[in-house]
Each structure stands twice: as C-alpha cells, then as structure tokens.
Peer 1: 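Sharing a structure below in structure tokens format, with a few things to ask.
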Amino acid sequence: MRMYDIIEHKKKGMALTSEEIHFVVEGYTNGSIPDYQVSALLMAIYFKGMTLEETATLTMEMAQSGDMIDLSPIEGIKVDKHSTGGVGDKTTIILAPLVAAVGGKVAKMSGRGLGHTGGTVDKLESFEGFKVEIPEEAFFEQVNKHHIAVVGQSGELAPADKKLYALRDVTATVDNMSLIASSIMSKKIASGADAICLDVKCGSGAFMKSLEDAKALAHAMVDIGNHVGRHTMAVVSDMNQPLGYAVGNALEVIEAIETLKGNGPADLTQLTITLASHMLVLAKVCETLEEATQKLQEVIQNGAAIAKLQEWIGLQGGNPEAVVDYRLLPQAQHQKEVVLGQTGYVAGIEAEAVGKAALVLGAGRETKESQIDLAVGIVIHKKVGEKVESDEAVATIYYNDAEKCKAAEHILTSAYTISDEKVQPHTLIYDIISQ
Ligand code: URA
C-alpha cells in the first residue's frame, strides 16, 4: 500500500477502505508517513468528506492507537458524560454524586484545564487532600462499592489523535465535522464507557458558534458512537453566556455544592438534571426520563445527593467538612464589585470574555505548565434578560493580585451589553439528539 495512492483516492472523492485508514493511522503514529503526506490527505478529506463508515473506522483506529481502558471489573453499564467545553461548566461535580445517589455508577476520567478555568480534576483539588490518582484496583473497588470515582486521565489515550490534531491545527483542517467528531469520540471510546452522554455547547463561548454547526457535530458524534456499539446521545446546550454564576475553580465548587443542596442557579440545575437523567436511562437504572428526573429531584431534596458528595470527597482523601464550611476551600484575599453605571436589561454576556477574565486572574492555565490559583474567579450577578440599575454590581471579582484584578475588570466590563429594551432570556437546551 502506498500513501500516494490513498491521497489520490480521497482527492477523487472515493471512500477509503478500513485497510487504508489503518495504514495511515499506524504509519503516521509510528513516524513512517511524513507530515506533508498526511497534510495532503487531511486537506482532501476536508474537501471531499468521509462516509460514516470511514469516520467510525478512523475513530476506532485512533482510539486503538494507545491505551484502551477496560472498565469490565465494574458491574453494570458504565455511562460517561462529555462536554465539548464551556465557561462555568461544573456539571460533572454535580451530576456524578447525583447519578450515584440514584444508583448509577460513575467511573470517570476527567482532564485538567487549558484556557479559561481549570478542568474538573483541578476544581476537585479545591478540596484539600483530594487525590486524583488512585490505583486501578482501588478505582474499580470504589465504583463497585460506592458508585463514584473521578480521577485524572492516566495512560496514553489516542496518541494518534494527539498527533493528527496538532497537524490539523497548523494546516487549517480543524473545522471539519468528521475530523472533529472522530477526534473527540476516539478519546471517549478509549476511556472505556459502554454508553456516552454528550453535552455539545453552542454559542459565543463554545467551540461551535452556530446552532447549525453544534447540531451537525452532535449528530456526527452520536452516529459514530452508535455505529461502533457505544450507546450515545447528545444534548445541545447554550454557551452564549456562562453556565450558572460562578467562573473559577473553588467558586465553581461552591456553586456545585449549592446545586446539590437544591439552591443552584436555574440553568445549571436544569442542564445537570437533564444530563443526569439521560445517563440514568442509558445505564438502565431508570426506565424513563420522567422516572429519572423524579428520582434526581428526590435525592436533592432528601439530602442523599449532598451526602454522596461528602462520601466521595472523603473516599478520595479530601475533607468532607468543606461541603458545609466553605472557609475550608481556597479563599481569595480580596473582592471587587463590577458596576457598569448603566441602567437597562442585560442583552449579552460574552462567555469567552468572562473566561478570559478568569484566566487573567489566574484561574486557568495559559500553558500546560502554568500554576493555577484555585481561589480566584468571578461571580456574575446579572444574566441575560435581567434588569440592572446603574449603581448595581453585575459581577464580583475574587482576586489575589490587584494588577490582575484591574485587567479582569476591564475585560468583564466590555463583556456585557446593556439594552434599553426588555430582553428575552436565552434558551438553555436547543436539542436532544439520539439515534
Ligand atoms: N476537540 C478535540 O478533542 N478535537 C477536535 O478536533 C476539536 C476539539
């Protein structure tokens, strides 16, 4: 087989065979096929597209290029949740104990963050002593016994995707639906779940800016997952403003705890319950979404959800007392209210800008090596559709460095658009896609 012929086939719009895709992924990963030939193939794929069969094959080849996590020591159906990434997204910390409290099993590997705030694993480290590395045996035992464990990514998941993604990044071939969908799904499939619940974000603060693109990506990923035998569904949700009010690691943890106590922001609560109810149905713990939703509301109201969070934090070495005493979480030294001096209705909050402001404060990583400050961040007070008076604060900045606070305030001020006219709040859930 020759790489030249494979490029030629795709250039003519032919579907590549499984053998050809295997040849490309293996050869590129082991270095026997050079960047320039794979670049040419990627551009041909960009223009000629791939069938579902080709996309699914590419996904599995990339997944199998590294470690494939085997979750079979855990009994029952293991469901994973994946978000395409947004500002203020702390749903994992809420839905993991929720699903576990209803009887589902959550065996999750989460990443660290690059960009606006930390990832789930960084946020969880707000609990002093919380261990994100657990030996495999103990991980399985914890999930079997307590139904919940969230750890950092270990091993090497989908190295072929890592290499291909880096090449796409410099050859203007990132924004192709089949390539994006197979890239994300390859990592999910390597993580070992039997079923996958996707949260595809849509809007100014998301990777997919338009609803059309977000739906197309959701469909592409759902098709791949189901094609390769992993029951997959997707929720398409709004990211035109941050999710909930808090952006920044420990601040997001507090908001997650409050949501488990039943005092969470309406949007965050609704999205989390929606995702969690789909996870429970995928796991066959509940028969219908209505039954799942009712049980999830019950565990919030009767305290079982918050008790499960405490149990989980304790199991992984963190201090469960922090769930009741927030002074045990990282605290910023100073606070600054952001007042716009305008009266009107909030018409827009650029989620990306709020994320940028949190990053500037130190809540996120500029590079993989950056240290993050778990205490700092932003709490928004006014969201789209709400009335604001000229002397009212639209947000509070929690900071440890005055210069950084100044820069964050500048960014936040321009993130808000105020209108004289009444503004309708955003839709939160645009679509639910299953096979
Ligand atoms: N995120 C991924 O993991 N892959 C892509 O191709 C795009 C976003």
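All values below come from the heavy atoms of this structure, side chains included, with hydrogens, waters and symmetry mates left out. Order of listing sets the numbers, starting from 1, for every ligand and every atom in it.
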Peer 1: Does S183, backbone or side chain, put an N or O under 3.5 Å from an N or O of ligand 1?
Peer 2: yes

Peer 1: Any idea which protein heavy atom is nearest atom 7 (C) of ligand 1, and the distance to it?
Peer 2: Y165 OH, 3.3 Å

Peer 1: Between H9 and E20, does any side-chain donor sit less than 3.5 Å from a side-chain acceptor?
Peer 2: yes

Peer 1: For the residue pair T91 and K81, confirm or rule out a side-chain donor-acceptor distance under 3.5 Å.
Peer 2: yes

Peer 1: Within 45 degrees of the axis of the six-membered ring of F207 and under 6.0 Å from its centre: does K201 put its NZ or CZ there?
Peer 2: no

Peer 1: Starting from atom 3 (O) of ligand 1, which protein heavy atom do you reach first, and at what distance in Å?
Peer 2: K187 NZ, 2.5 Å

Peer 1: Using a 4.0 Å cutoff against the non-hydrogen atoms of F207, which atoms of ligand 1 qualify?
Peer 2: 7 (C), 8 (C)

Peer 1: Does ligand 1 have an atom that lies less than 4.0 angstrom from a heavy atom of V174?
Peer 2: no

Peer 1: How far apart are the closest heavy atoms of E255 and T259, and which atoms are they?
Peer 2: O-OG1, 2.7 Å

Peer 1: Can you see whether S237 engages D199 through a side-chain donor-acceptor pair at a distance of less than 3.5 angstrom?
Peer 2: yes

